[in-house]
J.: 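Structure provided below as C-alpha cells; questions to follow.
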Amino acid sequence: MRSPALVHLAKLCLLGLVALGVAAEARAAADPFTVTFFNLRWFGLQSDATGQQLVESRVPTIRAFLTAQNAWADVMIFEEIVDVALLERGILENRYECESYDHTDPRHQHVVVCAGNGFRLGLAPDDDNYTYEEVAMGQKRPAVHAMVTDRSGQEVAHVIGVHLKASPEHSAMRLEQVGMVVEHLKDRRSTVPVIFAGDVNTYADDSARFDQAFGAPGVGLTQVPIGGTATFRSPTYMDRPSLFDRAWVSGLRALGPARVSGPCNGTVTRTALQKYYDEVSDHCAVTIRFQR
C-alpha cells in the first residue's frame with residue numbers, strides 16, 4: 001500500500017508535467033511565425049535569353065544575402081525557380097521541406113513553398129495535392145499551397161504562394177487568377193489562418209481590385225502593409241521601381257509592415273544595383289513576422 005505522502009508526491013509530479021505542457025504550448029503560440037517570399041530571377045537557368053550557356057553561380061551570394069538580412073524564415077516562398085533541386089540543395093542546404101510541381105518546360109519558372117525550423121508542410125483538407133492547377137491557366141504558373149504545422153502538430157496557417165501573370169496589359173488575367181484562389185477559399189473546409197503571398201505583378205489599380213476580391217464574404221483576407229514603395233528594381237528599370245510582391249492574410253496579426261531587404265528603395269548607384277542583380281536578383285526579399 002502506498003503511503004499518503006507518496007501519493008501526494010505523485011499527484012504533484014503529474015500536475016507539474018501538465019503545467020509544463022500547457023506552458024510549452026502557450027510559449028509556442030506566443031512565438032512569432034515568420035514568412036519570407038522572394039523572387040529569385042530565373043534561378044538555376046543554364047542559359048540566358050540569347051541561348052548562351054551559363055552556370056548558376058549565385059548560390060553562395062544568395063545564401064549570404066539571406067543571412068546578412070536576417071531573412072531566413074519559418075516559411076519561405078520562392079518564385080522563378082527553374083532548378084528546384086538546386087534551390088533545396090544549394091540555397092536551403094536541405095534544411096527545409098519544400099513542395100512545388102512538375103512541368104514539361106525545362107525553362108519553367110516554378111513557385112516553391114518551403115517550411116523549416118521545425119515546421120512542416122501538409123495537404124490542405126480541400127485538396128489532394130499541393131497546387132491549384134487552374135491558376136496556371138494552361139502553361140503558366142499554378143498556385144502552390146500547403147497547410148503548415150508547428151512542432152506540436154498544431155496547424156498554423158494555410159500558405160498559398162503565387163507568381164501571377166506579368167505585364168501591365170494582363171491585369172484582367174491576374175484578377176481572374178486571384179478569383180480562382182478566392183473560390184477555393186470560399187469552399188475550404190478549415191478555419192486555419194490563411195497567408196496568400198508572392199510576386200503578384202501589380203500595376204495601376206490591381207492591388208485595390210485584389211483587396212476587393214479577397215474581402216469577399218467567407219474569405220476576409222486583408223493586405224499586409226509593405227515597409228517601402230518597391231520590391232522590384234533592376235539596372236534596366238532603375239528609375240522605375242515597382243511594388244510587385246505583396247501578401248494578404250486572415251487570422252494572423254502582422255507585427256508591423258513587411259520588411260523589404262535589398263536595394264529596391266532609397267538611393268542606390270547603378271553599379272551597386274547591377275552587382276545585386278548579378279549576385280542575387282532583381283526583386284527584394286519580403287519578410288513578415290506574425291503573432292499567432
J.: Out of Asp211, Asp199, Asn201, Thr202, which residue meets the side chain to side chain donor-acceptor pair (under 3.5 Å) rule with Arg246?
T.: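 With Arg246 as partner, side chain to side chain donor-acceptor pair (under 3.5 Å) holds for just one option, Thr202.
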
J.: Say whether, by atom type as modelled, one donor and one acceptor occur between the side chain of Thr61 and the main chain of Arg58 under 3.5 angstrom.
T.: yes

J.: A quick test of your reading: do over 12 heavy atoms of other residues, nucleotides or ligands sit less than 6.0 Å from CZ of Arg289?
T.: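 Check fails, neighbour count at 12 or below.
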
J.: With distance as the sole test, does Glu88 use its side chain to make a donor-acceptor pair with the main-chain N or O of Gly90 at under 3.5 Å?
T.: no

J.: Only one of Leu87, Val111, Asn39, Thr36 forms a side chain to side chain contact (heavy atoms under 4.5 Å, CB included) with Phe78, so which one is it?
T.: Leu87

J.: So if you build clusters from Ile, Leu, Val, Met, Phe, Trp, Tyr with side-chain heavy-atom gaps below 4.5 Å, do Leu164 and Met137 land together?
T.: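 Yes, Leu164 and Met137 fall within the same hydrophobic cluster.
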
J.: Could you tell me if the side chain of Val194 sits less than 4.5 Å from the side chain of Arg188, heavy atoms only?
T.: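 The answer is yes, as the side chains (C-beta and beyond) meet within the 4.5 Å cut-off.
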
J.: Quick one, Trp72 with Arg95, criterion side chain to side chain contact (heavy atoms under 4.5 Å, CB included). Give me CA distance, side-chain angles, the key distance, then yes/no.
T.: CA-CA 11 Å; Trp72 296 108; Arg95 294 182 296 108; 3.9 Å; yes

J.: Counting only heavy atoms not in Asp102, do more than 12 sit closer than 6.0 Å to its CG atom?
T.: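 12 or below, so no.
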
J.: Is the distance between the ring centroids of Tyr101 and His108 under 6.0 Å?
T.: yes

J.: Take Glu93 and Arg63, measure what salt bridge (charged side-chain N to carboxylate O under 4.0 Å, His left out) needs, and give me the verdict at the end.
T.: CA-CA 10 Å; Glu93 294 187 330; Arg63 279 191 51 77; 3.3 Å; yes

J.: Give a yes or no on whether the backbone of Met238 and the side-chain of Arg233 come within a donor-acceptor separation of less than 3.5 Å.
T.: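 Yes, the answer is positive, given that a donor and an acceptor are paired below the 3.5 Å cut-off.
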
J.: Testing the basics here: between Val182 and Ala213, what is the closest heavy-atom pair and its distance to 0.1 Å?
T.: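 Nearest pair, atom of Val182 first, then Ala213: CG2-O, 3.7 Å.
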
J.: Looking at OH of Tyr130 and CG of Leu123, how far apart are the two atoms once the value is rounded to the nearest 0.5 Å?
T.: 4.0 Å

J.: Identify whether the distance between the nearest side-chain nitrogen and carboxylate oxygen of Asp150 and Arg292 falls below 4.0 Å.
T.: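 Arg292 and Asp150: salt-bridged.
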
J.: For the residue pair Pro235 and Arg270, what are the closest heavy atoms and their distance?
T.: O-NH1, 2.6 Å

J.: Do the ring planes of His103 and His110 sit parallel (below 30°), tilted (30 to 60°) or perpendicular (above 60°)?
T.: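 Aromatic pair His103/His110 classed perpendicular.
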
J.: Which class fits the ring pair Phe38 and Phe65: parallel under 30°, tilted 30 to 60°, perpendicular over 60°?
T.: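 Aromatic pair Phe38/Phe65 classed tilted.
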
J.: Can you check side chain to side chain contact (heavy atoms under 4.5 Å, CB included) on Val59 and Leu86, steps first, answer last?
T.: CA-CA 9 Å; Val59 168; Leu86 181 60; 4.2 Å; yes

J.: Where do Val135 and Ala143 come nearest, in terms of heavy atoms and distance?
T.: CB-N, 3.7 Å

J.: Determine the minimum heavy-atom distance between Ile288 and Ala254, stating which atoms define it.
T.: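 For Ile288 and Ala254, the tightest heavy-atom pair comes out as CG2-CB, 4.0 Å.
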
J.: For Ala230, is there any backbone N or O sitting under 3.5 Å from a side-chain donor or acceptor partner on Asn265?
T.: yes

J.: Quick one, Val82 and Trp42 - any side-chain contact, counting heavy atoms below 4.5 Å?
T.: yes

J.: Do Gln223 and Ser207 have side chains that get closer than 4.5 Å, going by heavy atoms?
T.: yes

J.: Going by the angle between their ring planes, with limits at 30° and 60°, are Phe196 and Trp248 parallel, tilted or perpendicular?
T.: perpendicular

J.: State which residue, out of Arg141, Lys140, Glu79, fulfils the side chain to side chain donor-acceptor pair (under 3.5 Å) condition with His163.
T.: Arg141

J.: Would you give the length of the straight line joining atom CG of Leu92 to atom SG of Cys98, rounded to the nearest 0.5 angstrom?
T.: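 With rounding to 0.5 Å, CG (Leu92) is 5.0 Å from SG (Cys98).
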
J.: Can you hop from Met147 to Val159 via hydrophobic side chains spaced under 4.5 Å?
T.: no

J.: Report yes or no: does Arg89 contribute a side-chain atom to a donor-acceptor pair with the main-chain N or O of Asn94 at less than 3.5 Å?
T.: no

J.: If you measure from CD on Glu134 to OG1 on Thr131, what distance do you get to the nearest 0.5 Å?
T.: 8.5 Å

J.: Can you give me the closest heavy-atom contact between Asp74 and Phe33, atom names plus distance?
T.: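 For Asp74 versus Phe33, the nearest heavy atoms are OD2-CA, 3.5 Å.
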
J.: Is there a donor-acceptor pair closer than 3.5 Å between any side-chain N or O of Tyr276 and the backbone N or O of His283?
T.: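 Yes.
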
J.: Tell me if the CD atom of Gln274 is crowded by more than 12 foreign heavy atoms within 6.0 Å.
T.: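 Counting other residues, nucleotides and ligands, CD of Gln274 exceeds 12 neighbours.
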
J.: Test Ile62 against Phe43 for side chain to side chain contact (heavy atoms under 4.5 Å, CB included), laying out the working first.
T.: CA-CA 10 Å; Ile62 291 171; Phe43 179 79; 3.9 Å; yes

J.: When you look at Cys114 and Val112, which way does the side chain to side chain contact (heavy atoms under 4.5 Å, CB included) test go after all the steps?
T.: CA-CA 7 Å; Cys114 305; Val112 185; 3.6 Å; yes

J.: Would you please test Thr149 and Gln154 for side-chain hydrogen bond (donor to acceptor under 3.5 Å, both in side chains) and show each step?
T.: CA-CA 5 Å; Thr149 58; Gln154 180 181 0; over 6 Å; no

J.: Which pairs with one or both residues in residues 119-128 pass side-chain hydrogen bond (donor to acceptor under 3.5 Å, both in side chains), sequence neighbours excluded?
T.: Glu97-Arg120, Asp127-His145

J.: Looking at CG of Leu273 and SG of Cys264, how far apart are the two atoms once the value is rounded to the nearest 0.5 Å?
T.: 8.0 Å

J.: Spell out, as yes or no, whether a donor-acceptor pair under 3.5 Å connects the side chain of Asp206 to the backbone of Tyr203.
T.: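 At least one qualifying donor-acceptor pair exists.
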
J.: How far does CZ of Phe210 sit from CD of Gln177, to the nearest 0.5 angstrom?
T.: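 Reported value, rounded in 0.5 Å steps: 8.0 Å.
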
J.: Does Tyr277 have Arg41 sitting over its ring (NZ/CZ under 6.0 Å from centre, angle to axis within 45°)?
T.: yes

J.: Under 4.5 Å between side-chain heavy atoms, counting indirect links through other Ile/Leu/Val/Met/Phe/Trp/Tyr residues: same cluster for Val75 and Val156 or not?
T.: yes

J.: Starting from Ile160, can I reach Val178 by hopping between I/L/V/M/F/W/Y residues whose side chains sit under 4.5 Å apart?
T.: yes

J.: Ser261 and Arg259: side-chain hydrogen bond (donor to acceptor under 3.5 Å, both in side chains), yes or no, with the steps?
T.: CA-CA 6 Å; Ser261 300; Arg259 176 168 55 87; 3.0 Å; yes

J.: Are Phe290 and Val148 in one and the same hydrophobic cluster, where Ile, Leu, Val, Met, Phe, Trp and Tyr link if side-chain heavy atoms are under 4.5 Å apart?
T.: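 The answer is yes; both residues are in one hydrophobic cluster.
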
J.: By the definition side chain to side chain contact (heavy atoms under 4.5 Å, CB included), identify the one residue from Val224, Ile226, Val35 that meets it with Val286.
T.: Ile226

J.: Output the distance between atom CD (Glu99) and atom CG (Leu121), rounded to the nearest 0.5 Å.
T.: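 The distance works out to 6.0 Å.
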
J.: Could you check whether any side-chain N or O of Arg174 sits under 3.5 Å from a backbone N or O of Ser167, counting only pairs where one atom can act as donor and the other as acceptor?
T.: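 Checking the backbone N and O of Ser167 against the side chain of Arg174, a donor-acceptor pair under 3.5 Å is found.
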
J.: Taking all non-hydrogen atoms of both residues, which atom of Leu40 and which atom of Val280 are closest, and how far apart?
T.: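 For Leu40 and Val280, the tightest heavy-atom pair comes out as CD2-O, 4.3 Å.
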
J.: Does Leu221 offer a backbone N or O that forms a donor-acceptor pair with the side chain of Ser250 under 3.5 Å?
T.: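 No, because the side chain of Ser250 does not come within donor-acceptor range (under 3.5 Å) of the backbone of Leu221.
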
J.: side-chain hydrogen bond (donor to acceptor under 3.5 Å, both in side chains) between Asp245 and Thr231: does it pass, once the steps are laid out?
T.: CA-CA 6 Å; Asp245 308 86; Thr231 60; 2.5 Å; yes

